[in-house]
Novice: 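Below: one structure in structure tokens.
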There are 2 protein chains.
Amino acid sequence: MKYKATTIKDIAKALNLSTSTVSRALRDSHEISAATKQVVLEYAARLNFQPNPIALSLKERKSHSIGVIVAEIANSFFSQIINGIESVANEQGYTVIISQSHENFEKEVRTLQYLASRSIDGLLISVSSATNDLQQLKSLHQSGLPIVFVDRSVEDIHTHKVVVDNYQGAYNATIHLLEQGYRRIACVANSEHLNITKERVGGYMAALQQYQLKPDPQMIKYCFHGGMLLHEVETAVSELIKLKPKPDAIFATSDKLTTGCMRMLKRHKIAVPKTIALTGFSNSELIELLHAPITVVQQPAFEMGQVATELLLQLIESKRPVKDFKTIKLQTRLVSPDNK
Amino acid sequence: MKYKATTIKDIAKALNLSTSTVSRALRDSHEISAATKQVVLEYAARLNFQPNPIALSLKERKSHSIGVIVAEIANSFFSQIINGIESVANEQGYTVIISQSHENFEKEVRTLQYLASRSIDGLLISVSSATNDLQQLKSLHQSGLPIVFVDRSVEDIHTHKVVVDNYQGAYNATIHLLEQGYRRIACVANSEHLNITKERVGGYMAALQQYQLKPDPQMIKYCFHGGMLLHEVETAVSELIKLKPKPDAIFATSDKLTTGCMRMLKRHKIAVPKTIALTGFSNSELIELLHAPITVVQQPAFEMGQVATELLLQLIESKRPVKDFKTIKLQTRLVSPDNK
DNA sequence: ATGAAAGCGCTAACAA
DNA sequence: TTGTTAGCGCTTTCAT
């Protein structure tokens, strides 16, 4: 069964006017008499007329929708980003189409394909941890689709990027552990393909070096699916606790990994922080309720979403091709269980 | 700058055919010669031709998109529902447009208005806890927009509904507390406007009565914004612990309330479950990591999303007006920290 | 087997 | 100030 709305044609017929007059009256064109405008406006209001956005899109060659691809909306970090995106997009009359890659490359490709076929006007993407082939993304970008990266970006594609200072965030977290006396600090990291992983591991290593500690490759574990598959984290943690001597602390580079490590340490009945301390990136709101309240690196997710969307809409609405791309780098915040 | 795709016209011109022939060839019409089909199909494939969905929508008067309104995607329960929705919708070629009410009635109205104006083909909604006026929803429904309710439904609108057995879920949780010896069980509930609240409070009271306990109105606290505003929960919990004698357990009727109570009890330095036990509805994946692992009532969120979407698409694609509406009631699951 | 033309709802260039 | 017409990309009668 179909819901059929009032059209300009209906109004024109009823009022004995042409569709163009009605159209112009509705858009308050100066070439329409006040009297006509009034009649049209009133009648339209009475029928609760809404211009058909699809017809508009066809005409303007613009869907007024933007696509968003993130790993998982169930992840607080991403849902906060999405809230930021929506706050700006809706304000400007754009619809947001959210899709999830679930850290799966094939799913990401399919989704991308799908969004493109739905003729989105632009794309906000945080690539999946499994993304190692940029062909499709590149070709979409080359064919003119405006793209802005959020958080996880890729080097090869030259466009706006909104990120955090991953190096610094990781550095701070690691220093925090060092200051508390931990010296055998392991790192459970996201996929090596991700630029954020490199940066965070970089910050971690720099902090160690500052304390004259040599980073030990055995102490760094990469999770290709970013902890999406729990067994990855299981393997990582199991291997770490088998080392002799054992690590006395773990730094995890993402939300999912931080909670994943927690889960594993609990399963192994390892006291946190007593036996092994834990810290890592996380935007979860439940952190303070965990059985072992830990210090985390928080990202300004909402703001990242906002800024990225502003940049994207700018790209979309720019008359001439944009050449001057920026990378906005925001700061992270180290949050202890008590200091809030 | 604009991204312009190949059109049927381009293909027709290049191949010296009419647009109708090309269109038919692409849709594999039997009235096109095999030879022509081949040429067209090959050429189209080479150019990676994608029919413009907007043009299709205009023609078919169908946007192939469905709107979803939930309180908050950051809530695991809703994000799981959304995953269920997506799994079915995408399968069938529908785009899902997700919006959040943030438990705010005005926001819900605006969002609804917006979605309707974007000509969605149907709507999945879990009403906000602040919803007390159904006028808009009703008029949309009457004008023919297919609607399916998920979880939180309203009595007055006659359509498909996908819910859980709230009464039973609440009953089980309360019995669980009673079996462990708790006798002064308070209830922190969602907005009274919500039908799920009535059902859950009903189950809670039935359990008490089964143990010959008389429900005490002072022991039931309603949170109009469903815990979205933390101070609501703060007030509720503060009032409860001021009672003499104090409650020895709390049953919370939603995810946000369950974690909210936990937060408050922690803030008041009340040991859980030692001083006051806690149980409630929750689909959070972090529950088992909380400092006081609690028993929760889980809802089959993913499945709810799937079923609701199947019903909605059925409504959308039905040739004749549907009169026979069902309410699908799924079962909840009581999950203890250990039994998993 | 193929093409011409109309129409989905809207806007805008062009006429009047 | 208002109307006529064409066109956005596609499908679908109706001709040929």
Side-chain angles (χ1 to χ4, degrees), chain A residues 2-41 43-44 47-65 93 116-121 143-144, chain B residues 2-41 43-44 47-65 93 116-121 143-144:
Chain A
K2 197 125 305 168
Y3 160 80
K4 98 167 206 321
T6 316
T7 73
I8 276 196
K9 209 164 155 188
D10 299 333
I11 301 181
K13 205 173 293 168
L15 263 39
N16 235 303
L17 290 168
S18 76
T19 58
S20 40
T21 303
V22 175
S23 169
R24 279 187 277 236
L26 289 170
R27 343 195 81 237
D28 199 30
S29 156
H30 57 275
E31 42 184 6
I32 298 291
S33 75
T36 310
K37 264 185 205 170
Q38 207 190 330
V39 190
V40 172
L41 256 14
Y43 189 77
L47 268 66
N48 191 20
F49 169 80
Q50 298 278 31
N52 180 328
I54 294 173
L56 275 175
S57 294
L58 184 58
K59 178 110 243 280
E60 298 174 19
R61 278 109 157 266
K62 201 156 172 298
S63 65
H64 285 275
S65 67
S117 84
R118 296 291 299 206
S119 51
I120 48 170
D121 293 340
S143 73
Chain B
K2 199 124 305 166
Y3 160 80
K4 95 163 209 327
T6 316
T7 73
I8 277 196
K9 210 164 153 188
D10 298 334
I11 302 181
K13 206 173 296 172
L15 264 40
N16 235 303
L17 290 168
S18 77
T19 58
S20 35
T21 303
V22 174
S23 170
R24 279 187 275 238
L26 288 171
R27 342 197 81 238
D28 200 27
S29 157
H30 58 274
E31 42 184 6
I32 298 292
S33 75
T36 310
K37 265 186 203 169
Q38 221 206 307
V39 189
V40 172
L41 257 15
Y43 189 77
L47 266 66
N48 190 21
F49 169 80
Q50 298 278 29
N52 180 330
I54 294 174
L56 275 176
S57 293
L58 184 58
K59 181 106 242 282
E60 298 173 19
R61 278 112 156 262
K62 200 155 174 296
S63 65
H64 286 275
S65 67
S117 84
R118 297 291 301 205
S119 51
I120 49 170
D121 293 340
S143 74

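Chain naming here is simple, since letters A, B, ... match the order of the sequence lines and numbering starts at 1 in each.
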Novice: With respect to the phosphate group of C:dA1, does any side-chain polar atom (N or O) of B:Ser33 fall under 4.0 Å of OP1 or OP2?
Specialist: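 Answer is no, no contact under 4.0 Å.
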Novice: Tell me the interatomic distance from B:Asp28, atom CG, to D:dT11, atom P, rounded to whole angstroms.
Specialist: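 Between P of D:dT11 and CG of B:Asp28: 13 Å.
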Novice: Any side-chain N or O of B:Lys9 below 4.0 angstrom from OP1/OP2 of D:dG7?
Specialist: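 For D:dG7, OP1/OP2 do not have a side-chain N/O of B:Lys9 under 4.0 Å.
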Novice: Using the closest heavy atom to pick a nucleotide of DNA chain C for each, name whichever of B:Thr19 or A:Asn52 lands nearer the 5' end.
Specialist: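 Between the two, 5'-proximity favours B:Thr19.
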Novice: Can you tell me how far P of C:dC10 sits from CG of B:Leu58, to the nearest Å?
Specialist: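 Rounding to the nearest Å, CG of B:Leu58 and P of C:dC10 are 9 Å apart.
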Novice: Whole-Å distance between C:dG9 P and B:Arg118 CZ?
Specialist: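 Roughly 17 Å, once rounded to whole Å.
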Novice: Between D:dT11 and B:Ser23, is there an OP1 or OP2 to side-chain N/O distance shorter than 4.0 Å?
Specialist: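 Yes, such a contact exists.
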Novice: Report the C-alpha separation of A:Arg118 and B:Ser65 in whole Å, then their side-chain angles, then the decisive distance to 0.1 Å, and conclude whether the side-chain contact (heavy atoms from CB on, under 4.5 Å) test is met.
Specialist: CA-CA 10 Å; A:Arg118 296 291 299 206; B:Ser65 67; 4.2 Å; yes
Novice: Please state how far atom CD1 in A:Ile54 lies from atom C1' in C:dT11, giving the value in whole angstrom units.
Specialist: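 A:Ile54 atom CD1 is separated from C:dT11 atom C1' by 17 Å.
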Novice: Under the 3.5 angstrom rule, does the side chain of A:Thr19 hit a backbone N or O of A:Ile8 as a donor-acceptor pair?
Specialist: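 It does not hold such a pair.
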Novice: Just how far, in rounded Å, is C1' of D:dG9 from CG of B:Asp10?
Specialist: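 That distance rounds to 10 Å.
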Novice: Using a cut-off of strictly less than 4.0 Å, decide whether A:Arg27 has a side-chain nitrogen or oxygen near OP1 or OP2 of C:dT11.
Specialist: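 For C:dT11, OP1/OP2 do have a side-chain N/O of A:Arg27 under 4.0 Å.
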Novice: Rounded to whole angstroms, how far apart are NE2 on B:His30 and C1' on C:dT2?
Specialist: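 Answer to the nearest Å: 13 Å.
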Novice: Flag the pair A:Val22 / A:Leu15 as yes when at least one side-chain heavy-atom distance between them is below 4.5 Å, and no otherwise.
Specialist: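 A:Val22 does not reach A:Leu15 side chain to side chain.
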Novice: How about B:Asn48 and B:Thr6: do any of their side-chain heavy atoms sit closer than 4.5 Å?
Specialist: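 Contact flag for B:Asn48/B:Thr6 side chains = no.
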Novice: Side-chain N or O of A:Ser18 less than 4.0 angstrom from OP1 or OP2 on D:dG3?
Specialist: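 For D:dG3, OP1 or OP2 has a side-chain N or O of A:Ser18 closer than 4.0 Å.
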Novice: Regarding A:Ser57, tell me which of base, sugar-phosphate or nothing describes its non-hydrogen contacts under 4.0 Å with the strands shown.
Specialist: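 Result for A:Ser57 = nothing.
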Novice: Could you please spell out the steps behind the side-chain contact (heavy atoms from CB on, under 4.5 Å) verdict for B:Thr21 and B:Ile32?
Specialist: CA-CA 7 Å; B:Thr21 303; B:Ile32 298 292; 3.8 Å; yes
Novice: I'd like to know if B:Ser20 reaches the base of C:dA4 with its side chain such that a donor and an acceptor end up less than 3.5 angstrom apart.
Specialist: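 Looking at the base of C:dA4, it does pair with a donor or acceptor on the side chain of B:Ser20 (distance under 3.5 Å).
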Novice: Between B:Arg61 and C:dG9, is there a contact of a side-chain N or O with OP1 or OP2 at under 4.0 Å?
Specialist: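 It does, given that an N or O in the side chain of B:Arg61 lies less than 4.0 Å from OP1 or OP2 of C:dG9.
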Novice: Among the nucleotides C:dT11, D:dT4, C:dT2, which one has an atom lying closest to any side-chain atom of A:Arg24?
Specialist: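 Among the listed nucleotides, the one closest to the side chain of A:Arg24 is D:dT4.
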Novice: May I have the distance from A:Leu26 (atom CG) to C:dC10 (atom P), rounded to whole angstrom?
Specialist: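 Going from CG in A:Leu26 over to P in C:dC10 covers 9 Å.
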Novice: Map B:Glu31 and B:Pro51 onto DNA chain D by nearest heavy atom, then report which one ends up closer to the 5' terminus.
Specialist: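 The residue mapped nearer the 5' terminus is B:Pro51.
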Novice: Rounded to the nearest angstrom, tell me the gap between atom NZ in A:Lys59 and atom P in D:dC10.
Specialist: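 Atom NZ in A:Lys59 sits about 17 Å away from atom P in D:dC10.
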